[in-house]
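Since we're looking at a predicted model, the values are computed, not measured. Convention: sequence-line order gives letters A, B, ...; per-chain numbering from 1.
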2 protein chains.
Amino acid sequence: MSSDRTRSAILAAAEKLYADRGFGDVTLRDIVAEANVNLAAVNYHFGSKDELIAELFVTRSLATNRERLNELKFAEEKGGGRAPIDAILHALVGPTLRGCLGPDREGSTAARFMIRASIESVPPIRRIKNREVDHLRKFIAAMRRSLPGRDDAELYWGLHFALAMSHHTIREKERLTRLSEGQCDLNDVGAIVDRVVSVSVMALTGDETPAKKTPGKLVAREAR
Amino acid sequence: MSSDRTRSAILAAAEKLYADRGFGDVTLRDIVAEANVNLAAVNYHFGSKDELIAELFVTRSLATNRERLNELKFAEEKGGGRAPIDAILHALVGPTLRGCLGPDREGSTAARFMIRASIESVPPIRRIKNREVDHLRKFIAAMRRSLPGRDDAELYWGLHFALAMSHHTIREKERLTRLSEGQCDLNDVGAIVDRVVSVSVMALTGDETPAKKTPGKLVAREAR
DNA sequence: GATAGTTTCATACAACTGTTTGAATTGCAA
DNA sequence: TTGCAATTCAAACAGTTGTATGAAACTATC
């Protein structure tokens with residue numbers, strides 16, 4: 001228990017390299033070179049390469065989940081047990097978007113690592129993501145309290161779409177920048193969060209029964 | 001030019017195996033075993049493993065793009081040069097969703113392969129996807145005609161969100177099924193397309209200037 | 001300062017990867 | 001049939017990968 005130095009040097013080096021070059025072509029030898037430690041150190045301290053990746057991902061995603069739940073709890077307490085739906089969605093997508101996008105996050109290896117983890121799909125991370133369901137259920141519960149009477153399926157779809165927009169923005173931010181030739185500002189994270197939340201709220205409250213076969217033209221207006 | 005037999009046997013076997021087990025752990029030896037051909041045949045007929053994957057992906061995605069443009073062209077001709085926005089978005093997300101989800105597509109290796117290609121992110125496929133920008137610009141142009149005066153950035157965000165919901169639904173269909181405990185029907189593809197289109201239309205037409213700092217509650221109603 | 005436990009290190013291992021080679025076989029035209 | 005090109009094949013190649021080993025170096029306790 002004395003030498004955390006090696007341990008954390010490996011973690012830092014691995015996070016940096018994975019963030020920079022992806023999981024695909026970063027070997028243990030690259031990592032130990034960057035960390036200036038011996039090759040065997042990874043297996044000694046982490047057991048295996050996969051466990052190293054898992055620890056990296058778990059640490060970061062636990063932090064995000066904690067932040068999410070804090071925001072949710074705060075919003076629900078403020079609303080006396082019922083948070084407004086936009087606050088709930090804000091708590092859901094805000095931490096992730098803020099963590100991965102945003103100013104001066106360019107240099108943050110943690111953020112870039114999480115972007116990689118979102119783009120590539122490597123077994124140890126996939127295993128962890130599959131346990132995320134329980135976490136999301138807490139948001140479904142809050143949404144149910146916020147929009148009582150709403151069909152559960154609608155809530156699931158709303159949450160699903162909120163995550164879709166948030167994750168896709170993270171995954172494809174370069175492509176969106178290129179496609180829009182810079183007209184979409186990917187630096188103003190606050191505006192992005194608001195935009196995702198706003199659309200998600202519309203998805204949830206727009207029309208009771210989503211257009212069945214031929215969706216009519218939909219017009220939304222701001223109701224104060 | 002005589003033996004396409006080997007060539008297409010390889011293509012079929014590769015598509016099946018990649019669809020079933022992902023790109024990560026399917027080797028050339030797996031493929032040639034499934035195809036009952038010699039190991040060297042892949043390099044002989046395709047040059048390299050990456051070129052095999054690329055050909056597989058290009059074939060399928062060209063088909064999807066063609067279908068998209070057909071739908072778009074049809075809608076614009078019907079509208080005399082200006083298609084309604086929901087028709088444009090329908091042309092954008094319909095072919096992809098229909099191609100990857102939907103009934104009796106369970107057995108379609110082509111569909112499952114495209115899902116894999118959407119989930120995992122392997123270099124040859126990434127290279128091809130990066131050339132997709134020109135294709136998407138045609139939809140931006142159609143959207144500009146459909147919603148004149150609208151800020152270009154808004155159009156880009158709308159298209160981006162439409163793709164986000166469509167791709168995320170494909171990628172995470174199992175997870176959504178599990179999360180919603182089957183309450184979200186992933187088999188009714190038509191309904192899913194309509195749902196994605198409907199939300200995308202709301203995103204594009206909902207409020208002129210997307211809520212800046214504190215998004216107000218938004219209510220949409222059906223017009224017409 | 002001897003001892004026991006932890007940590008580092010160089011090295012080897014065993015397996016697997018995509019690719020190449022050169023000879024055998026096939027198919028087809030003259 | 002003969003000749004030539006296209007195709008198939010078994011085998012080997014060259015490189016990389018994550019992991020295991022056992023000895024050395026360190027660290028703290030008594």
Would you mind telling me which residue lines up with the more 5' stretch of DNA chain D, T27(A) or A41(B), judged by nearest nucleotide?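 The residue closer to the strand's 5' end, by nearest nucleotide, is A41(B).
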Over how many whole Å does the gap from [X] atom [atom1] to [N] atom [atom2] extend?
X      : N       : atom1 : atom2 : value
L39(B) : dG18(C) : CG    : P     : 9 Å
K49(B) : dC16(C) : NZ    : C1'   : 11 Å
N36(B) : dT8(D)  : CG    : P     : 13 Å
D25(B) : dG18(D) : CG    : P     : 15 Å
R7(B)  : dT8(D)  : CZ    : P     : 12 Å
D50(B) : dT17(C) : CG    : P     : 15 Å
D30(A) : dT16(D) : CG    : P     : 11 Å
R5(B)  : dT7(D)  : CZ    : C1'   : 14 Å

Below the 4.0 Å mark, does [N] have OP1 or OP2 next to a side-chain nitrogen or oxygen of [X]?
X      : N       : result
T6(A)  : dT7(C)  : no
N38(B) : dA10(D) : yes
H45(B) : dT8(D)  : yes

Per L28(B) side chain, nearest of listed nucleotides dT19(C), dT19(D), dT17(C):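 Among dT19(C), dT19(D), dT17(C), the one nearest the side chain of L28(B) is dT19(C).
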For Y44(A) and N43(B), find the nucleotide of DNA chain C closest to each by heavy atoms; which residue's nucleotide sits nearer the 5' end?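 It is Y44(A) whose nearest nucleotide is closer to the 5' end.
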How far does CG of L56(B) sit from CD1 of I10(B), to the nearest 0.5 angstrom?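 Rounded to the nearest 0.5 Å, the CG-CD1 separation comes out at 11.0 Å.
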For E132(A), which of R127(A), R68(A), K138(A), R137(A) qualifies under salt bridge (charged side-chain N to carboxylate O under 4.0 Å, His left out)?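 Among the candidates, only R68(A) passes.
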Taking the six-membered ring for Trp, are Y156(A) and F139(A) ring centroids under 6.0 Å apart?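 Centroid separation for Y156(A) and F139(A): 6.0 Å or greater.
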Indicate, with a heavy-atom threshold strictly under 4.0 Å, whether A40(A) touches base, sugar-phosphate, or nothing.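 The residue A40(A) makes base contact.
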What class does the angle between the rings of F23(B) and F113(B) fall in, given that below 30° is parallel, 30 to 60° is tilted and above 60° is perpendicular?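 F23(B) and F113(B): perpendicular rings.
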List the steps, then state whether salt bridge (charged side-chain N to carboxylate O under 4.0 Å, His left out) holds for R116(A) with E15(A). CA-CA 10 Å; R116(A) 283 289 179 187; E15(A) 188 167 63; over 6 Å; no
